[in-house]
Enquirer: 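The following block contains the structure, expressed as structure tokens.
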Amino acid sequence: MSKKTGIILLIIIIFFLIPQAVEATETTLPIPNLDIGIGQAEEPQEFVNSINILILLTILTLVPSFLILVTSFTRIVVVFSFLRSALATQQTPPNQVLIGLTLFLTIFIMAPVYGQVMEEAVNPYLDGSITQEQAIEVGGAPIKEFMLKQTREKDLALFASISQDEMPEDRMDTAFSSLIPAFVISELKTAFQIGFLLYIPFIVIDLIVASILMSMGMFMLPPVTISIPFKLLLFIMVDGWHLIVKSLVESFI
């Protein structure tokens, strides 16, 4: 039997066996029917539930932006990025590890804030004791308080002047439209300051290694290749991850 004839027979067998397998599956396993449509609601509560689901899905699409811009996520991830650049380890640790560690550190730091939001706003709203407007106002207060502690007055004044609004007498009256960008640039400045301090010891190692190689006449050997093991050794000896994570967490307290 030639190779071509075998392929043709295999195709014929598959052609006859697939319908039988599908028929057997249809008779033994029930297949659910999924239907999405718009119809008339029998009760007003059904319409309200549909609107709540739509609002929830809309909020879920904005969760990444909220996570980055109104929490400690920005400062932590920028510092970790500076650390990896200072070590010159390129993609080690990988982005997935750094983002995952940043995410869990953010959850740890923001847990008291979100616990207060759940206790004072979300749970009373679900119980029906407060309205949606009251829940938004009460729930936004802890988040706003956290952001104001990390935001500089100079940055708040900048966006207040750009929007041509007067500075509120009470900081808690600051609008989120001005507070969020002020908070972000304050976090970036703090992260860059920490990154500068991280770079100093590793730059010193690079200078020492480069000077030794030049004095030995080894101009063709990249200093970075030699300095990376010494950077890692220094980072391990001082327990770098412990110190950095501790400093980052304590900077939000």
Side-chain angles (χ1 to χ4, degrees), residues 56-57 59-119 121-122 139-152 155 176 179-206 209 224-253:
L56 178 61
L57 293 176
I59 293 175
L60 288 177
T61 60
L62 302 176
V63 165
S65 299
F66 289 143
L67 176 64
I68 294 174
L69 298 181
V70 302
T71 64
S72 59
F73 189 92
T74 301
R75 181 187 304 184
I76 299 173
V77 74
V78 172
V79 170
F80 284 163
S81 178
F82 274 122
L83 174 63
R84 188 170 63 181
S85 299
L87 289 172
T89 53
Q90 297 181 355
Q91 296 299 320
T92 304
N95 291 330
Q96 293 85 349
V97 175
L98 292 183
I99 295 298
L101 178 58
T102 304
L103 180 61
F104 280 100
L105 286 177
T106 302
I107 295 173
F108 177 79
I109 294 171
M110 300 299 297
V113 178
Y114 290 147
Q116 187 177 355
V117 173
M118 289 292 297
E119 182 179 354
V122 177
I143 300 176
K144 185 178 292 186
E145 183 178 358
F146 168 81
M147 297 172 65
L148 286 171
K149 288 182 179 179
Q150 313 299 329
T151 306
R152 297 176 175 84
D155 298 329
F176 273 108
L179 177 58
I180 292 178
F183 171 76
V184 172
I185 63 175
S186 296
E187 288 291 282
L188 289 175
K189 181 178 181 179
T190 304
F192 273 63
Q193 291 174 344
I194 300 174
F196 170 76
L197 297 176
L198 285 175
Y199 258 96
I200 292 177
F202 300 117
I203 288 294
V204 172
I205 294 177
D206 286 333
V209 172
V224 177
T225 305
I226 305 300
S227 63
I228 286 180
F230 294 99
K231 291 180 181 180
L232 295 177
L233 179 61
L234 173 64
F235 194 70
I236 293 171
M237 290 179 60
V238 300
D239 199 1
W241 287 111
H242 175 83
L243 292 177
I244 291 175
V245 171
K246 178 183 177 182
S247 301
L248 285 172
V249 173
E250 291 180 347
S251 66
F252 290 98
I253 299 177

Enquirer: Give a yes or no on whether Glu119 atom CD has more than 12 heavy-atom contacts from other residues, nucleotides or ligands under 6.0 Å away.
Expert: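 No - once you tally the heavy atoms of other residues, nucleotides and ligands closer than 6.0 Å, there are 12 at most.
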Enquirer: Of the non-hydrogen atoms in Ile68 and Thr74, which two are nearest, and what is the gap between them?
Expert: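 That closest heavy-atom pairing would be O-OG1, 2.5 Å.
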Enquirer: Any donor-acceptor pair under 3.5 Å linking the side chain of Thr106 with the backbone of Ser72?
Expert: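 Checked: no pair found.
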Enquirer: Within the side chain of Ser186, is there an N or O that forms a donor-acceptor pair under 3.5 Å with the backbone of Arg152?
Expert: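 Pair found, side chain donor or acceptor close to backbone of Arg152.
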Enquirer: So how far is it from Ile203 CD1 to Leu198 CG, rounded to the nearest 0.5 Å?
Expert: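 Separation between the atoms: 11.5 Å.
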Enquirer: In Å, rounded to the nearest 0.5 Å, how long is the span from CD of Glu250 to CD1 of Ile109?
Expert: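 Those atoms lie 10.5 Å apart.
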Enquirer: Could you pull out the closest heavy-atom pair between Ala191 and Val78, with the gap in Å?
Expert: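 In this case the closest contact between Ala191 and Val78 is CB-CG1, 3.6 Å.
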Enquirer: What is the minimum heavy-atom distance between Leu98 and Arg84, and which atoms define it?
Expert: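 Minimum heavy-atom contact is CD1-NH1, 3.7 Å.
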Enquirer: With rounding to the nearest 0.5 angstrom, report the CD1 to OG distance, Ile205 to Ser227.
Expert: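 Going from CD1 on Ile205 over to OG on Ser227, the span is 7.5 Å.
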Enquirer: Identify the heavy atoms of Pro201 and Leu234 that sit nearest to each other, and give their distance.
Expert: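 Closest pair (atom of Pro201, atom of Leu234, distance): CB-CD2, 4.2 Å.
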Enquirer: One pair to check against side chain to side chain contact (heavy atoms under 4.5 Å, CB included): Phe146 and Phe183. What are the steps and the verdict?
Expert: CA-CA 10 Å; Phe146 168 81; Phe183 171 76; 4.2 Å; yes
Enquirer: How many angstroms lie between atom CZ of Phe80 and atom CD1 of Ile244, to the nearest 0.5 angstrom?
Expert: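 Here the interatomic distance stands at 7.0 Å.
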Enquirer: Treating Lys231 as the side-chain partner and Thr89 as the backbone partner, does any N or O pair qualify as donor plus acceptor under 3.5 Å?
Expert: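 Here the side-chain-to-backbone pair does not exist.
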Enquirer: Considering non-hydrogen atoms only, spot the tightest contact between Lys144 and Leu179 and give its length.
Expert: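 The pair with the smallest heavy-atom distance is CG-CD2, 3.4 Å.
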Enquirer: May I ask you to decide if Ser81's main-chain N or O and Ser85's side chain share a donor-acceptor pair within less than 3.5 Å?
Expert: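 Yes.
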Enquirer: Would a line drawn from the ring center of Phe82 to the ring center of Phe196 be shorter than 6.0 Å?
Expert: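 Between Phe82 and Phe196, the centre distance exceeds or equals 6.0 Å.
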Enquirer: Between Tyr114 and Ile107, does the side chain to side chain contact (heavy atoms under 4.5 Å, CB included) criterion hold? Intermediate values first, please.
Expert: CA-CA 9 Å; Tyr114 290 147; Ile107 295 173; over 6 Å; no
Enquirer: Do Leu248 and Ile194 have side chains that approach each other closer than 4.5 Å (heavy atoms only, starting at C-beta)?
Expert: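 They are in contact (side-chain heavy atoms under 4.5 Å apart), so the answer is yes.
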Enquirer: Is the closest side-chain heavy-atom distance between Val113 and Glu145 below 4.5 Å?
Expert: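 No. Closest side-chain heavy atoms not under 4.5 Å.
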Enquirer: Under a 4.5 Å cut-off applied to non-hydrogen side-chain atoms, are Met110 and Val70 in contact?
Expert: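 No, their side chains stay 4.5 Å or more apart.
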Enquirer: Looking at CG of Leu188 and CD1 of Ile185, how far apart are the two atoms once the value is rounded to the nearest 0.5 Å?
Expert: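 That separation rounds to 8.0 Å.
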Enquirer: Ignoring hydrogens, what is the shortest heavy-atom contact between Glu187 and Thr71? Give both atom names and the distance.
Expert: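 So the two residues come closest at OE1-O, 4.5 Å.
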Enquirer: As an exercise, state the distance from NZ of Lys246 to OG of Ser251, rounded to the nearest 0.5 Å.
Expert: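 Output value for this atom pair is 12.5 Å.
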Enquirer: Does some side-chain heavy atom of Leu83 sit less than 4.5 Å from a side-chain heavy atom of Trp241?
Expert: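 Yes. Closest side-chain heavy atoms under 4.5 Å.
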Enquirer: Taking the six-membered ring for Trp, are Phe202 and Phe235 parallel (under 30°), tilted (30 to 60°) or perpendicular (over 60°)?
Expert: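 Correct class here is tilted.
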